[in-house]
Amino acid sequence: VVSTDSQQSAVYDGFGYYLYFNDDANGTTQSLIDLPEGLEEGVYYVVVAAYPTTFADGFEVTPGGTTGGSYILTHPNGLEPGILE
């Protein structure tokens, strides 16, 4: 999962438990979450938010930033471009 332009990403499971987070991958403003091999089959939610956002269990997402911009989610099934207002 990759996002761009000073954004953060988080992954939640289908029950709202906060699993993974990344802010600055490799010293850049990109967010990169490399999901582990053997991830249990199920429903997962990816959240892309402006920096600095706080993530917590229960699908709690507290935005702290106002910076929007474009993003591209990269996953095994392809690319999902979008724009954060």
Side-chain angles (χ1 to χ4, degrees):
V1 177
V2 177
S3 67
T4 58
D5 294 338
S6 299
Q7 296 163 358
Q8 299 170 287
S9 298
V11 175
Y12 287 87
D13 69 9
F15 302 102
Y17 290 106
Y18 167 66
L19 301 175
Y20 305 102
F21 162 81
N22 189 269
D23 181 5
D24 295 326
N26 304 319
T28 69
T29 58
Q30 288 188 331
S31 176
L32 170 66
I33 299 173
D34 191 10
L35 300 174
E37 288 288 325
L39 188 64
E40 186 176 316
E41 186 175 326
V43 175
Y44 295 88
Y45 297 90
V46 176
V47 177
V48 177
Y51 175 85
T53 294
T54 304
F55 304 98
D57 287 339
F59 293 115
E60 185 176 326
V61 179
T62 306
T66 57
T67 303
S70 64
Y71 65 86
I72 298 174
L73 296 178
T74 305
H75 52 81
N77 293 325
L79 304 174
E80 302 286 334
I83 296 178
L84 238 155
E85 298 298 327

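All heavy atoms count here, side chains included; hydrogens, waters and symmetry mates do not. In what follows, residues are counted from 1 in the order of the sequence shown. The shown structure was predicted, so the numbers you read here are calculated from the model rather than taken from an experiment.
- For Gln8 against Phe55, the heavy-atom pair with the smallest separation is CB-CE1, 4.1 Å.
- Residues passing the side-chain contact (heavy atoms from CB on, under 4.5 Å) test with Phe59, sequence neighbours excluded: Tyr12, Tyr45.
- No continuous path of hydrophobic side-chain contacts links Val46 to Phe21 [ILVMFWY only; heavy atoms under 4.5 Å].
- Applying the under-4.5 Å side-chain rule to Ile, Leu, Val, Met, Phe, Trp and Tyr, the cluster around Ile83 consists of that residue alone.
- Shown are Val61, Val48, Thr62; of these, the side-chain contact (heavy atoms from CB on, under 4.5 Å) with Thr53 is made only by Val61.
- Cluster annotation: Leu19 is connected to Ile33 through the hydrophobic network of ILVMFWY side chains, with a link wherever side-chain heavy atoms come within less than 4.5 Å.
- Two residues are said to be in side-chain contact when any heavy atoms from C-beta on lie closer than 4.5 Å; Leu39 and Tyr44 meet this criterion.
- Shown here are the side-chain contact (heavy atoms from CB on, under 4.5 Å) partners of Asp57, two or more places apart in sequence or in another chain: Tyr17, Tyr18.
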